[in-house]
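One structure below.
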Number of protein chains: 2
Amino acid sequence: MLQKADLDAIDWKILRELQEDGRMTNVELSRRVGISAPPCLRRVRRLEETGIIRGYRALLNAPALGMDVVAFCLIGLKHQSETELKVFADLTRGWPIVRGAWMVSGESDFLLHCVASDLATFQSFVIEALTSTPNVDTVRTALTIRKVKDEGLVEIPA
Amino acid sequence: MLQKADLDAIDWKILRELQEDGRMTNVELSRRVGISAPPCLRRVRRLEETGIIRGYRALLNAPALGMDVVAFCLIGLKHQSETELKVFADLTRGWPIVRGAWMVSGESDFLLHCVASDLATFQSFVIEALTSTPNVDTVRTALTIRKVKDEGLVEIPA
DNA sequence: CTAGGGCGCGAAAGAATCTTGCGCACGGAA
DNA sequence: TTCCGTGCGCAAGATTCTTTCGCGCCCTAG
């Protein structure tokens with residue numbers, strides 16, 4: 001697998017540009033990173049094939065689409081055996097309100113990033129889905145008031 | 001501003017496809033949503049101009065880029081005046097380790113999504129940046145063990 | 001009922017981009 | 001020095017993008 005060490009300065013520039021604007025044309029990208037289009041496209045393909053670029057996504061405006069509630073849920077389970085963890089992980093994948101989920105260490109076992117159209121829908125989810133799951137012990141929710149920062153996952157050194 | 005109600009079934013299909021693959025060519029997109037390319041491109045442009053599509057982003061593989069630590073921090077402040085909240089929000093924007101940040105209600109005031117190259121770097125950040133900030137009262141961290149689910153922000157009805 | 005306007009689609013053509021093949025330069029190893 | 005691998009840039013054909021234009025549909029006012 002391609003590793004960090006195999007990337008040169010141009011690769012990092014490519015990653016930075018595509019993380020900021022994933023739809024940039026290859027011509028524009030090549031101009032910005034200082035090489036011609038063909039080798040630039042070859043580098044992008046290599047980054048995609050080796051999995052360093054996992055994919056591309058349009059970022060949607062949740063409120064404009066009628067999704068007024070964004071919240072995080074911290075879930076504590078009663079039993080944390082590998083089997084039980086996997087069961088809950090699979091459950092999260094089946095809940096459309098859950099847009100992102102991580103297994104975490106600390107006071108909780110899972111952290112869920114949730115989006116819902118309104119508070120009633122979110123509360124129903126918490127009560128009917130989360131709380132009702134047998135192995136769920138604690139549910140702490142944090143409703144987001146405003147998004148403060150939202151950048152790509154990886155900091156690209158200048 | 002364009003609202004949810006102004007979107008028809010084809011617009012929703014476009015949003016779903018671009019949320020899954022933001023680099024899809026317009027020809028392929030138009031084929032998938034069942035219209036020809038020109039009106040499809042007009043719809044995409046309209047969704048971009050009205051802010052329903054906020055942008056596009058390449059999704060990077062953090063571990064492959066040497067970012068082995070992904071964590072969330074729940075921050076409680078001593079004082080929550082609008083001024084103090086804004087001060088802390090601005091601070092988060094200046095910390096490269098913080099990739100996403102939300103102001104939240106509940107037991108904490110902010111939730112930070114952090115990515116660092118190693119545990120030592122992350123711990124230094126917590127101690128030297130977070131804990132050292134005068135108005136910071138409590139810092140609870142949750143190190144992620146594995147990512148369970150990572151989809152687009154908005155569920156697109158089928 | 002009918003005429004007119006607005007809206008969105010599809011076809012076509014020119015412009016831009018993508019993609020491939022090829023030759024060349026540079027750098028390390030025998 | 002010579003050979004070889006790597007990566008660049010150039011150029012050409014294929015694909016895609018983008019604009020323009022005309023058509024049909026629906027809604028509404030007369």
Side-chain angles (χ1 to χ4, degrees), chain A residues 1-61 63-66 152 154 156-158, chain B residues 1-61 63-66 152 154 156-158:
Chain A
M1 166 139 179
L2 197 60
Q3 289 297 322
K4 176 187 179 185
D6 298 322
L7 305 181
D8 63 13
I10 294 180
D11 289 317
W12 284 102
K13 283 186 186 175
I14 289 174
L15 293 177
R16 180 171 59 233
E17 295 295 337
L18 288 182
Q19 191 172 227
E20 271 193 27
D21 178 6
R23 273 216 123 173
M24 187 181 299
T25 68
N26 183 60
V27 170
E28 171 68 10
L29 179 63
S30 66
R31 196 189 59 74
R32 294 199 182 199
V33 304
I35 60 177
S36 65
C40 184
L41 187 60
R42 282 194 289 265
R43 283 167 180 267
V44 173
R45 291 282 179 272
R46 190 176 66 125
L47 292 168
E48 290 170 354
E49 285 162 11
T50 56
I52 286 193
I53 295 179
R54 290 166 36 228
Y56 302 89
R57 181 170 292 168
L59 306 179
L60 303 187
N61 184 335
L65 291 171
V154 179
I156 308 293
Chain B
M1 169 145 178
L2 196 61
Q3 289 296 323
K4 176 187 177 184
D6 298 322
L7 304 181
D8 63 12
I10 293 180
D11 289 318
W12 285 103
K13 283 186 187 176
I14 289 174
L15 293 177
R16 181 171 58 232
E17 296 295 338
L18 288 182
Q19 191 172 230
E20 272 193 26
D21 178 7
R23 269 212 110 145
M24 187 182 300
T25 68
N26 184 61
V27 171
E28 172 67 11
L29 178 63
S30 65
R31 196 189 59 74
R32 293 201 183 197
V33 304
I35 62 178
S36 67
C40 183
L41 188 59
R42 280 193 291 266
R43 284 167 180 267
V44 173
R45 291 281 178 273
R46 190 176 65 125
L47 292 168
E48 290 170 354
E49 285 162 12
T50 56
I52 287 193
I53 294 179
R54 290 165 37 227
Y56 301 89
R57 182 170 290 168
L59 307 178
L60 304 186
N61 184 335
L65 292 171
V154 179
I156 309 293

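The stretch residues 14-25 of chain B has no heavy atom under 4.0 angstrom from DNA chain C at all. Of the residues in residues 29-39 of chain A, A:Ile35, A:Ser36, A:Pro38, A:Pro39 come within less than 4.0 Å of DNA chain D through at least one heavy atom, sorted by number.
Using a 4.0 Å cut-off between a side-chain N of Lys or Arg and a carboxylate O of Asp or Glu, A:Glu28 and A:Arg31 qualify as a salt bridge. The residues B:Arg46 and B:Glu49 are annotated as not salt-bridged, no charged nitrogen and carboxylate oxygen being separated by less than 4.0 angstrom.
For B:Arg32 against B:Glu17, the heavy-atom pair with the smallest separation is NH1-OE1, 3.2 Å. Across all non-hydrogen atoms, the minimal contact from A:Gly51 to B:Asn61 is O-CB, 3.1 Å. A pairwise comparison of heavy atoms in B:Trp12 and A:Leu65 identifies CH2-CD2, 3.8 Å as the closest pair. Nearest heavy-atom pair, A:Asn26 versus A:Cys40, reported as atom, atom and distance to 0.1 Å: OD1-SG, 3.6 Å. Across every non-hydrogen atom of A:Arg54 and B:Leu60, the tightest pair is NH1-O, 3.4 Å. The minimum heavy-atom distance between A:Gly22 and A:Tyr56, with the atom names listed, is O-CD2, 3.7 Å.
Close to D:dT18, at under 4.0 Å from its OP1 or OP2, lies a side-chain N or O of B:Arg45.
Rounding to whole angstrom units, CD of residue B:Glu48 and P of D:dC17 are separated by 12 Å. Atom pair A:Leu41:CG and D:dC10:P shows a separation of 16 Å (rounding to whole Å applied). Atom-to-atom, CG of B:Asn26 to P of D:dT19 comes out at 11 Å; the value is rounded to the nearest Å. Look at CG on A:Leu7: it is 15 Å from C1' on D:dG7, rounded to the nearest Å. Atom CZ in B:Arg43 sits roughly 17 Å away from atom P in D:dC17 (whole-Å rounding).
Where DNA chain C meets chain A (any atom under 4.0 Å from a heavy atom), the bounding nucleotides read 5' to 3' are C:dT17 to C:dT20.
Of the residues B:Val27, B:Val33, B:Thr25, the one that meets the side chain to side chain contact (heavy atoms under 4.5 Å, CB included) test with B:Leu29 is B:Val33.
Taking 4.5 Å as the limit, some side-chain heavy atom of B:Val44 sits within range of a side-chain heavy atom of A:Arg23. Using a 4.5 Å heavy-atom threshold, the side chains of A:Leu7 and A:Ile52 count as touching.
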